[in-house]
Amino acid sequence: MVKTKKWLSSLVALALTVGLTACGGGGNNTGNTAKSANDTAGPSDGAKTVNADEPGWKSSTKPITFDWYLNYSWFADKWGVDKTTQYITKKTGVNINFIVPAGNENEKMNTMIASNNLPDFITLDWNSDAIDKMVQGGLVLPLNELADQYDPYFFKVADPDKLKWYTEKDGNVYGYPNQSSSPSNFKEYGDNFTSSNTFLVRKDIYEAIGKPDMRTPEGFLNALKAAKEKFPEVNGQPLIPFGTQEFTDIGNGSFGTNLMDFLAIPYEKDGKLYDRSTDPEYIRWLKTFREANDQGLIAKDIFIDKRPQMEEKIVQGRYFSMMFPRSDLQNQNITRYQQDPNSVYIAVDGPGNSKLDQPKLGGPSIAGWALTLISKKVKDKERAIDFLTYLISEEGNKDLFFGEKGVTYDTIDGKDQFLPEVLNMYNNDRSGFAKTYGASYTFWMMMDPALNLKWAPASVEPIKQPEDWTRGKVADNSVYANLDPAVSSPEGIALGKINTQWGKTLPKLILSKSEAEFDAAWNEFQQYRKDHDLDKIQAFQQAAFEQNAAKLKK
């Protein structure tokens with residue numbers, strides 16, 4: 001399954017998403033004779049008649065290898081090892097050499113930008129500061145211009161709403177999103193969309209303490225206390241009563257947007273953006289976590305552990321409860337299920353507001369999760385846009401999901417579906433499935449959630465319960481994406497400082513020894529925001545919000 005936690009994880013002080021503010025059109029989707037408009041020539045430069053009705057990749061399937069940078073240190077799969085990517089290479093001639101950072105993603109990205117040493121393709125969070133740096137620095141190519149020159153079929157398969165959303169002020173589109181759902185997609189498929197945002201508990205421990213209601217601060221604290229008292233150790237190691245995503249230099253997504261969504265805190269009031277991070281319900285729950293720490297119910301592990309350590313402890317079943325993306329522990333949960341079905345992590349109603357309103361969870365918005373761009377130094381511009389067009393098309397998405405017909409899937413009972421042995425591994429060994437077959441969007445870079453719904457097999461336990469729990473709770477938050485100023489602008493610089501200050505403040509709040517100490521740290525942070533042009537940042541965001549609303553209006 002797709003690792004969706006990343007598009008949920010960024011907590012900023014304003015609790016509003018970050019991105020590109022843009023308006024304008026796409027490109028010319030008629031056939032023409034290609035002439036390079038860029039000062040960096042590639043092997044494909046020169047006259048060539050292109051056909052808007054025919055996928056460009058079919059014009060050449062000669063072997064070529066592209067370097068593709070993924071700004072995710074956790075990604076470990078290799079192209080060409082599994083049957084799906086072997087098939088795609090055989091079909092298109094394209095081989096991929098994935099490059100991932102060994103350490104800090106931001107440092108790696110900034111180093112490549114500073115040295116003007118970008119690989120052919122770049123995929124990173126849509127709200128990454130690096131996107132603005134690459135666009136403003138002229139380091140990436142406009143996709144619409146590449147499509148005009150080499151593969152106008154791009155405009156047939158690209159979603160016009162997504163192109164409009166990601167059009168920059170210069171009229172160009174530099175990146176295409178994955179995990180993105182346009183308003184029309186949401187209108188058609190919204191009831192079937194799921195969220196990755198979940199509150200999870202270990203099933204056997206939860207049942208042993210009486211399946212408590214954890215929606216209120218009192219219920220939450222009492223449940224953590226009961227779990228720790230009844231199960232002080234798990235296989236000889238201390239129980240961790242509550243787990244979260246990892247802390248970063250700008251905070252922790254579990255304590256940010258994810259928590260606010262559980263509390264159903266609105267993004268706007270009376271047509272104006274609402275500062276969700278100052279909502280009384282949010283402060284009430286931050287103080288609840290402070291109280292949990294004061295009672296010895298918050299382990300120091302959550303402040304220092306990174307993803308590998310968390311995965312190890314999930315497999316060990318050491319967490320009682322977690323505010324954690326369900327999709328990010330699927331492999332570990334399958335392992336637990338195979339060891340003991342009663343020890344898996346299940347989704348339950350977690351922190352709620354005072355009225356106990358249903359959560360409003362983030363789903364696949366138009367912004368998506370990751371954005372893929374083509375470097376100005378790409379070794380072959382024509383083959384690059386041809387391959388990107390193929391990947392975002394229904395044909396490419398189907399290949400990424402199913403692999404090769406007769407090898408990984410077939411038409412069975414009138415429906416395309418995985419072969420029985422493939423489906424068995426998919427349900428019981430996701431890691432082995434990825435390595436052997438590489439299907440079901442193991443390579444998620446251009447995954448389309450609406451298309452995914454057409455092919456996805458019915459979920460089975462332990463995946464099914466957490467997934468189903470989110471149905472009917474998903475909100476379309478597209479209009480609230482891409483609100484923040486460019487990182488190099490005065491407002492962007494100020495916001496960056498506020499975000500970093502929040503990263504320092506959040507642990508202080510949870511570790512405060514008293515409510516008075518919490519209040520002092522909270523008030524100090526609020527003053528810091530005001531001193532760093534909060535009013536100007538919010539004015540920018542309000543204007544961007546209004547522009548978004550206009551762009552999404554049909």
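Residue numbers count from 1 along this sequence. Bear in mind that the values here come from a model prediction, so they are computed numbers and not experimental data.
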side-chain contact (heavy atoms from CB on, under 4.5 Å) for N97 and I99? Distances and angles first, verdict last. CA-CA 7 Å; N97 171 42; I99 302 168; 4.1 Å; yes
Should L146 and F154 count as side-chain neighbours, where that means a heavy-atom distance under 4.5 Å? no
Are F242 and Y319 an aromatic pair by the rule of ring centers under 6.0 Å? no
Ignoring hydrogens and angles, state whether a donor on the side chain of D349 or W469 is under 3.5 Å from an acceptor on the partner side chain. yes
For S343, does its backbone N or O pair with a side-chain atom of R336 as donor and acceptor, under 3.5 Å? yes
Centre-to-centre under 6.0 Å for W57 and F387, is that the case here? no
Set out, in order, the CA-CA distance, both residues' side-chain angles and the distance that settles salt bridge (Lys or Arg N to Asp or Glu O under 4.0 Å) for E207 and K203, then state yes or no. CA-CA 6 Å; E207 292 175 346; K203 183 175 183 289; 3.0 Å; yes
Whether over 12 other heavy atoms sit under 6.0 Å from K473 NZ: yes
Any idea how F220 and F199 line up, ring-wise: parallel (<30°), tilted (30 to 60°), or perpendicular (>60°)? tilted
I'd like to know whether the aromatic ring centres of F66 and F121 sit less than 6.0 Å apart in this structure. yes
Taking T198 for the side chain and L200 for the main chain, is one N or O donor matched with an acceptor at less than 3.5 Å? no
Step-by-step side chain to side chain donor-acceptor pair (under 3.5 Å) determination, W79 to T89: CA-CA 9 Å; W79 188 278; T89 294; 2.8 Å; yes
NZ/K211: more than 12 non-hydrogen atoms of other groups inside 6.0 Å: no
Quick one, Q465 with D468, criterion side-chain contact (heavy atoms from CB on, under 4.5 Å). Give me CA distance, side-chain angles, the key distance, then yes/no. CA-CA 5 Å; Q465 191 278 338; D468 286 347; 6.0 Å; no
Apply side chain to side chain donor-acceptor pair (under 3.5 Å) to residues E467 and T194 and explain how you reach the verdict. CA-CA 7 Å; E467 182 181 274; T194 59; 5.0 Å; no
Would you say L400 and M447 make side-chain contact, with heavy atoms under 4.5 Å? no
Check for a donor-acceptor pair, side chain of N185 on one end and backbone N or O of S182 on the other, with a separation under 3.5 Å. yes
Between R430 and I463, does the side-chain contact (heavy atoms from CB on, under 4.5 Å) criterion hold? Intermediate values first, please. CA-CA 11 Å; R430 287 290 173 91; I463 307 301; 4.0 Å; yes
Would you check if the side chain of D413 reaches a backbone N or O of K415 as a donor-acceptor pair within less than 3.5 Å? no
Nearest heavy-atom contact between N51 and P152 is C-CG, 4.1 Å
Taking all non-hydrogen atoms of both residues into account, name the closest pair between Y441 and D448 and its distance. OH-O, 4.1 Å
Tell me whether S478 contacts the main-chain N or O of I366 through its side chain, where contact means a donor paired with an acceptor under 3.5 Å. yes
Take R202 and D204 through the test salt bridge (Lys or Arg N to Asp or Glu O under 4.0 Å) and record every step on the way to the result. CA-CA 6 Å; R202 185 170 145 168; D204 51 359; 2.8 Å; yes
Before you tell me yes or no, could you show the steps for F193 and F186 under ring-ring contact (aromatic ring centres under 6.0 Å, His included), namely the whole-Å CA-CA distance, both residues' side-chain angles and the distance that decides it to 0.1 Å? CA-CA 8 Å; F193 283 147; F186 216 96; 5.3 Å; yes
Considering only NZ, NE, NH1 and NH2 on the basic side and carboxylate oxygens on the acidic side, decide whether D159 and K164 come within less than 4.0 Å. no
Using a 4.5 Å cut-off on heavy atoms from C-beta on, say whether the side chain of D410 contacts that of L419. yes
Of all heavy-atom pairs linking D82 and K435, the shortest is CB-O, 3.5 Å
Establish, yes or no, whether a centroid distance under 6.0 Å links the rings of Y174 and Y166. no
With sequence neighbours left out, write down each residue that passes side-chain contact (heavy atoms from CB on, under 4.5 Å) with V460, or none if nothing qualifies. N427
Can D416 and K454 be counted as an ion pair, charged N to O under 4.0 angstrom? no
Checking N71 side chain against L124 main chain: does a donor-acceptor pair fall under 3.5 Å? no
Parallel, tilted or perpendicular: ring planes of W444 versus Y72, cut at 30 and 60 degrees: perpendicular
Test side chain to side chain donor-acceptor pair (under 3.5 Å) on R471 and S195 and set out the steps. CA-CA 8 Å; R471 295 185 194 278; S195 175; over 6 Å; no
Looking only at non-hydrogen atoms, find the nearest pair between K379 and D120 and report the distance. NZ-OD2, 2.6 Å
Please say whether more than 12 non-hydrogen atoms of neighbouring residues, nucleotides or ligands are located less than 6.0 Å from NZ in K313. yes
Side-chain heavy-atom pair M425, T436 within 4.5 angstrom cut-off: yes
Do L259 and S254 have side-chain heavy atoms sitting under 4.5 Å apart? no
Check whether any side-chain heavy atom of L371 lies under 4.5 Å from a side-chain heavy atom of T123, and answer yes or no. no
Look at the side chain of D429 and the backbone N and O of G432, then say whether any donor-acceptor pair between them is shorter than 3.5 Å. yes
Between K90 and E404, does the salt bridge (Lys or Arg N to Asp or Glu O under 4.0 Å) criterion hold? Intermediate values first, please. CA-CA 10 Å; K90 178 177 68 175; E404 185 175 7; 3.1 Å; yes
In terms of heavy-atom contacts, M214 and Y206 come closest through SD-CE1, 4.1 Å
In this structure, is the centre-to-centre distance between the rings of F402 and F418 below 6.0 Å? yes
Using the side chain to side chain donor-acceptor pair (under 3.5 Å) rule, take T244 and N252 through it: C-alpha gap first, then chi angles, then the decisive distance, then the call. CA-CA 8 Å; T244 69; N252 183 313; 3.1 Å; yes
S181 side chain to S365 backbone, donor-acceptor under 3.5 Å: no
Contact between V140 and I374 at the side-chain level, heavy atoms closer than 4.5 Å - yes or no? no
With the threshold set at 4.0 Å, does a side-chain nitrogen-carboxylate oxygen contact exist between E394 and K398? no
Distance-minimising heavy-atom pair for P119 and S375: O-CB, 2.8 Å
Take F324 and M310, measure what side-chain contact (heavy atoms from CB on, under 4.5 Å) needs, and give me the verdict at the end. CA-CA 11 Å; F324 199 78; M310 293 175 186; 4.0 Å; yes
Sub-4.5 Å side-chain heavy-atom contact between Y390 and L388: no
Please report the C-alpha distance between K91 and D399 in whole Å, then the side-chain angles of each, then the deciding distance to 0.1 Å, and finally whether the salt bridge (Lys or Arg N to Asp or Glu O under 4.0 Å) criterion is met. CA-CA 10 Å; K91 178 176 181 175; D399 288 346; 2.7 Å; yes
Out of F401, F433, Y409, Y437, which one pairs with Y426 under the ring-ring contact (aromatic ring centres under 6.0 Å, His included) rule? F433
Taking only Lys NZ, Arg NE, NH1 and NH2, and the carboxylate oxygens of Asp or Glu, determine whether K187 and D476 approach each other closer than 4.0 Å. no
Sidechain-backbone polar pair: T411 side chain, G414 backbone, donor-acceptor under 3.5 Å: no
